[in-house]
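Residue numbers start from 1 in every chain, and the chains themselves are labelled A, B, ... in the order their sequence lines are given, proteins ahead of strands. Given the structure is predicted, the values throughout are model-derived calculations rather than measurements.
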2 protein chains.
Amino acid sequence: MSRENKTMYTLLGLLMYAPLTGYEIKKTIESSIKHFWQESYGQIYPTLKKLVELGFADFHIEKVDGKPDRKVYTITGVGKSQFINWLEKPIEKIPIHKNELLLKLFYGQHLDIRHNIAQVIQYKQKMEDILQSLNTTEHFLLTKRKEDPHFDYWMMTLSHGQCIVKATIQWCEESIRKLEEKQKG
Amino acid sequence: MSRENKTMYTLLGLLMYAPLTGYEIKKTIESSIKHFWQESYGQIYPTLKKLVELGFADFHIEKVDGKPDRKVYTITGVGKSQFINWLEKPIEKIPIHKNELLLKLFYGQHLDIRHNIAQVIQYKQKMEDILQSLNTTEHFLLTKRKEDPHFDYWMMTLSHGQCIVKATIQWCEESIRKLEEKQKG
DNA sequence: TACTACATGTAAACGGTTACATGATTGC
DNA sequence: GCAATCATGTAACCGTTTACATGTAGTA
């Protein structure tokens with residue numbers, strides 16, 4: 001079974017909104033799907049090249065005074081239908097997420113309990129930071145993008161993040177409580 | 001910054017319980033940490049070799065009638081202290097988890113709503129399967145391993161999985177409800 | 001007869017990040 | 001003067017999966 005390259009579809013999806021440069025694509029990812037999807041330049045630029053080779057996108061060069069040339073990519077008709085085709089396909093596998101905290105906690109018996117408590121506390125703190133940033137994005141969407149036709153879908157992906165992170169924070173609190181009890185008893 | 005090889009510590013952690021063969025390590029992972037950590041033979045065997053080279057593990061060969069030779073690996077004193085050293089270190093980064101459902105849902109406006117509903121329903125089904133398997137593992141631990149000194153820690157990693165999966169199922173139900181409303185209105 | 005469990009291992013390919021190279025402009 | 005923003009791109013490397021090679025014994 002060939003491993004499918006989703007980077008291609010990620011970029012096509014963004015080009016469905018508007019023509020973009022590689023640089024803008026990176027920025028757009030950073031401000032929209034960052035909490036569940038990331039792409040580095042090392043992926044973006046070669047994929048853009050491939051998209052043109054496959055006829056899924058075109059580009060033209062914009063010359064700007066005092067700034068580097070912009071290579072603006074536009075999705076083609078073929079690209080659009082390929083994108084829709086991918087969108088409709090059911091997702092096959094849900095890959096597991098390697099979790100270093102859980103790995104360490106699984107082996108926690110080899111350590112003093114307070115070490116494990118400290119690890120969970122730090123993890124909880126990171127989760128709270130993530131929740132904060134999700135809430136900021138939510139506020140931005142609610143005040144600035146409420147009329148966008150994609151609004152409801154954007155909010156749904158955001159609310160997924162919020163749900164998971166809140167559940168994780170609750171698990172952290174419960175685990176800290178359990179560990180403190182274990183320490184006493 | 002060098003990217004640390006956690007596979008090494010995963011194997012050392014398992015060898016802390018008992019001497020094991022590469023094959024047994026794979027089976028053990030499958031029945032214990034599979035829901036948050038996986039390793040393939042392509043990782044396990046070369047890492048075992050490396051562990052011996054570094055002096056973190058030893059091995060001896062057991063000959064068994066009618067079966068292939070067993071290479072049984074044992075953790076050394078140096079391996080133990082290296083493992084504990086890693087355990088104590090705070091975790092640095094929480095990598096984001098690429099989520100294909102969310103990617104498709106983010107672009108959902110390009111599709112008929114019922115397609116998106118179908119995707120979320122399928123995702124929910126997969127989550128319910130995962131929850132089922134976590135509950136089975138929980139039952140196994142409660143009935144067979146309750147006296148093990150590591151029990152509490154094993155249960156904690158399990159409960160993490162259960163919390164996250166339950167929250168995800170709730171998010172699915174909420175999202176399906178929202179999409180159905182959107183379809184009507 | 002075919003599949004599963006036992007058991008070891010490698011090579012190729014893939015997906016992804018990081019570090020680097022280049023260079024102008026704007027703002028502190 | 002220095003950092004950040006704009007902008008393109010590549011090469012090296014790392015981590016991981018997949019497919020393959022090899023072989024026995026028991027079971028459905």
Asks: Within a strict 4.5 Å, meaning less than it, do heavy atoms of the A:Phe83 and B:His110 side chains meet?
Replies: yes

Asks: CG of B:Leu11 versus P of D:dG15: gap in Å, rounded?
Replies: 14 Å

Asks: With no hydrogens and no angle check, is any side-chain donor or acceptor of B:Trp154 less than 3.5 Å from a backbone partner on B:Glu138?
Replies: no

Asks: Show the nearest heavy-atom pair for residues B:Tyr153 and A:Ile113, with the distance to one decimal.
Replies: OH-CG1, 3.6 Å

Asks: Report the distance from atom NZ of B:Lys26 to atom P of C:dA5, rounded to the nearest whole Å.
Replies: 12 Å

Asks: Does a side-chain heavy-atom distance below 4.5 Å link A:Ile164 with B:Thr168?
Replies: yes

Asks: Would you say A:Thr7 reaches C:dG16's phosphate, i.e. side-chain N/O to OP1/OP2 under 4.0 Å?
Replies: yes

Asks: Using a strict cut-off of less than 4.0 Å between a Lys/Arg side-chain nitrogen and an Asp/Glu carboxylate oxygen, indicate whether A:Glu39 and A:Lys26 qualify as a salt bridge.
Replies: no

Asks: Rounding to a whole Å, what distance do you find between A:Met8:CE and C:dG16:P?
Replies: 13 Å

Asks: In whole Å, what is the span from the CD1 atom of A:Ile44 to the P atom of C:dG15?
Replies: 16 Å

Asks: Give the rounded distance in Å between these two atoms: CD1 of B:Ile29 and P of D:dT17.
Replies: 10 Å

Asks: Should the ring pair A:His150 and A:Tyr17 be called parallel, tilted or perpendicular, given that the plane angle runs from 0 to 90° and is split at 30 and 60?
Replies: perpendicular

Asks: For a quick check, with a 4.0 angstrom heavy-atom cut-off, what is the B/S/- contact string for nucleotides 6-14 of chain C, read 5' to 3'?
Replies: BBBBS--BS

Asks: Check whether any side-chain nitrogen or oxygen of A:Lys6 sits under 4.0 Å from OP1 or OP2 of C:dG15, and answer yes or no.
Replies: no

Asks: Let me know the distance between NE2 of A:His60 and P of D:dA7, rounded to the nearest Å.
Replies: 12 Å

Asks: Do A:Glu100 and B:Glu92 come close enough that some side-chain heavy atom pair is under 4.5 Å?
Replies: yes

Asks: In whole Å, what is the span from the NZ atom of B:Lys63 to the P atom of D:dT24?
Replies: 15 Å

Asks: Provide, to the nearest angstrom, the distance between the CD atom belonging to B:Glu92 and the C1' atom belonging to C:dT18.
Replies: 15 Å

Asks: Within the 4.0 Å heavy-atom criterion, would you say B:Lys98 contacts the bases, only the backbone, or no part of the nucleic acid?
Replies: sugar-phosphate

